[in-house]
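Because only heavy atoms are used, hydrogens play no part in the values below, and waters and symmetry mates are left out as well, while side chains stay in. On a predicted model such as this, the values are computed, not experimentally measured, just so you know. Order of appearance sets the numbers: ligands from 1, and atoms from 1 within every ligand.
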Amino acid sequence: MKKIAILGAAGQIAKLAEEMLLKDSNNELVLFLRHPNKLDKDTIDDQREKIVVGDASNYNQLYDALSGAGIVYANLAGSNIEDQAKTVVKAMDNRGIKRLIWISSLGIYDEVPGKFGQWNKNILGSYLTTYRAAADVISDSDLDYTIIRPAWLTNKDEIDYEETIGAKTAFKGTEVSRKSVAKHVVDLIENPNGEIRENIGLNKPNTDADKPAWY
Ligand SMILES: NC(=O)c1ccc[n+]([C@@H]2O[C@H](COP(=O)([O-])OP(=O)(O)OC[C@H]3O[C@@H](n4cnc5c(N)ncnc54)[C@H](OP(=O)(O)O)[C@@H]3O)[C@@H](O)[C@H]2O)c1
């Protein structure tokens with residue numbers, strides 16, 4: 001049995017991952033988040049889940065929350081995500097935890113080719129710079145990280161994805177379901193030696209286009 005700390009635990013991908021982890025494993029989960037009212041109380045398993053209220057940019061709150069955790073899965077967001085990344089690295093280092101799964105975004109390495117790449121840059125603008133700075137904090141650390149860069153996220157009830165491995169590898173496709181990303185996170189938690197210090201893109205196969213289908 002492992003203890004997994006999930007940061008941003010009421011995030012949309014995180015909630016799907018939590019459901020899978022409760023169903024398919026016997027891991028204990030630490031749900032670290034700012035707004036516990038955003039959790040679905042009916043789905044919480046009090047025996048295996050502990051809710052810890054805190055902000056990922058607050059070192060003391062995060063350090064306390066990581067007590068006993070073997071793996072950290074960060075499903076964070078926001079314009080201060082670089083500060084959050086620095087806090088996560090520092091708290092993990094000081095707790096002696098090595099394994100981190102970090103959700104980022106397509107496009108942070110200018111790795112999305114063609115018209116879609118340009119469209120993505122135009123729409124996402126400074127978000128990409130901010131998310132890149134956070135990813136650099138993670139990849140410059142000595143943690144056993146996996147950075148996941150999902151394509152544009154959908155809420156489709158499907159698990160259907162492929163990977164592009166490496167920050168410099170041309171990104172494929174335009175979209176991927178949150179459920180697919182959650183499944184990949186859960187697979188990494190279950191096989192924590194996979195994709196160590198890797199940076200991977202996730203997309204739904206055969207969705208190459210100039211922009212996501214719903215735009
Ligand atoms: N939308 C897309 O198409 C797309 C594509 C690729 C990547 N992404 C990125 O993928 C990530 C995960 O996606 P998602 O759909 O699961 O996002 P989400 O639902 O917005 O989840 C992000 C979570 O981060 C939490 N958070 C933000 N700042 C925090 C802090 N300082 N301390 C603790 N928690 C904090 C938020 O909680 P609060 O309720 O407290 O704000 C929220 O629950 C996001 O970073 C998103 O930008 C999105």
Side-chain angles (χ1 to χ4, degrees), residues 5-20 29-40 51-66 72-91 100-109 111-112 116-117 119-135 137-138 146-156 161 163-164 171-186 199-204 207 209 211-215:
I6 302 181
L7 317 183
Q12 296 167 86
I13 299 172
K15 281 192 198 173
L16 295 168
E18 286 148 22
E19 194 183 328
M20 292 178 198
L29 311 182
V30 174
L31 307 180
F32 182 80
L33 74 176
R34 295 187 295 190
H35 301 110
N37 56 317
K38 291 188 179 173
L39 285 171
D40 311 316
I51 298 170
V52 179
V53 177
D55 188 308
S57 62
N58 181 312
Y59 173 77
N60 289 332
Q61 290 177 345
L62 190 56
Y63 180 82
D64 287 350
L66 295 188
V72 176
Y73 155 39
N75 195 91
L76 297 164
S79 56
N80 72 337
I81 196 154
E82 182 182 4
D83 282 343
Q84 296 178 58
K86 287 178 182 165
T87 312
V88 169
V89 170
K90 185 176 164 192
L100 172 66
I101 301 165
W102 180 266
I103 305 296
S104 183
S105 169
L106 82 165
I108 60 169
Y109 301 108
E111 80 284 17
V112 185
F116 175 52
W119 180 90
N120 195 56
K121 248 191 275 185
N122 293 345
I123 298 273
L124 295 180
S126 64
Y127 162 99
L128 292 176
T129 319
T130 311
Y131 272 54
R132 168 65 186 269
V137 170
I138 304 301
T146 307
I147 294 174
I148 296 180
R149 286 169 288 114
W152 281 69
L153 293 164
T154 73
N155 289 326
K156 291 179 186 166
Y161 69 94
E163 298 176 50
T164 46
F171 201 88
K172 286 161 88 177
T174 50
E175 66 173 75
V176 70
S177 69
R178 286 186 171 86
K179 196 169 184 178
S180 296
V181 181
K183 172 74 167 81
H184 197 70
V185 168
V186 169
N199 195 316
I200 62 161
L202 292 189
N203 69 284
K204 180 175 175 174
T207 58
K211 52 190 177 174
W214 60 93
Y215 272 93

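Panel note: side chain E163, backbone I200; no donor-acceptor pair is recorded below 3.5 Å. Between the R149 side chain and the N199 main chain, a donor and an acceptor come within less than 3.5 Å of each other.
Residue contact check for ligand 1: L33 places no non-hydrogen atom closer than 4.0 Å to it. Contact annotation: F32 has no heavy atom less than 4.0 Å from any atom of ligand 1. Distances from ligand 1 to the non-hydrogen atoms of G78 include no value under 4.0 Å.
By the criterion of a heavy-atom distance under 4.0 Å, neither the backbone nor the side chain of I81 is placed next to ligand 1. When non-hydrogen atoms are compared, ligand 1 lies under 4.0 Å from the backbone of A77 as well as from its side chain. Of all the heavy atoms of A151, the ones lying under 4.0 Å from any atom of ligand 1 belong exclusively to the backbone.
In this structure, K90 satisfies the cation-pi test against Y59, with its NZ or CZ atom closer than 6.0 Å to the six-membered ring centre and inside 45 degrees of the ring normal.
Evaluated by nearest non-hydrogen atom to atom 45 (O) of ligand 1, the leading choice among V181, I103, T154, L76 is L76. Closest heavy-atom approach to atom 40 (O) of ligand 1 among the candidates Q61, H35, K38: H35.
For ligand 1, the atoms sitting less than 4.0 Å from at least one non-hydrogen atom of S104 are 7 (C), 8 (N), 9 (C), 10 (O), numbered in the order shown with element in parentheses.
Summary of contacts: the protein heavy atom closest to atom 46 (C) of ligand 1 is Y127 OH, 3.8 Å. With respect to atom 25 (C) of ligand 1, the closest heavy atom belonging to the protein is G8 CA, 4.0 Å. For atom 37 (O) of ligand 1, the closest heavy atom belonging to the protein is R34 NH2, 4.2 Å. Among all non-hydrogen protein atoms, the one lying nearest atom 30 (C) of ligand 1 is Q84 OE1, 3.4 Å. Of all protein heavy atoms, the one lying nearest to atom 6 (C) of ligand 1 is P150 O, 3.4 Å. For atom 32 (N) of ligand 1, the closest non-hydrogen atom of the protein is A56 N, 2.8 Å. Nearest non-hydrogen protein atom to atom 4 (C) of ligand 1 is L153 CD1, 3.3 Å. Scanning the protein heavy atoms around atom 42 (C) of ligand 1, the nearest turns out to be G11 CA, 4.1 Å.
Rounded to the nearest 0.5 angstrom, L33 CG and L39 CG are separated by 5.0 Å. Atoms OH and CG, from Y131 and L106 in turn, are 11.5 Å apart once rounded to the nearest 0.5 Å. How far NZ of K204 is from OG1 of T174: 9.5 Å, rounded to the nearest 0.5 Å.
For S57, no nitrogen or oxygen atom sits less than 3.5 Å from a nitrogen or oxygen atom of ligand 1, counting backbone and side chain alike. Remark: ligand 1 and W152 share no N or O pair separated by less than 3.5 Å (distance only, no angle test). For a threshold of 3.5 Å applied to N or O pairs, the pair formed by I13 and ligand 1 contains at least one separation below that value. Considering backbone and side-chain atoms alike, Y131 places an N or O below 3.5 Å from some N or O of ligand 1.
The side-chain heavy atoms of T154 and W214, taken from C-beta on, include a pair separated by under 4.5 Å. Between V52 and L31, the closest side-chain pair of non-hydrogen atoms is not below 4.5 Å. Between V185 and I103 the shortest side-chain heavy-atom distance falls below 4.5 Å.
Each of L29, I13, I148 was scored for a side chain to side chain contact (heavy atoms under 4.5 Å, CB included) with Y73, with one residue passing: I13.
The pair E19-K15 fails the salt-bridge criterion, with no side-chain N (NZ, NE, NH1 or NH2) lying under 4.0 Å from an Asp/Glu carboxylate O.
Taking the six-membered ring for Trp and thresholds of 30 and 60 degrees, W152 and W119 have ring planes inclined between 30 and 60 degrees apart.
Minimum heavy-atom separation, S104 to A135: OG-CB, 4.5 Å.
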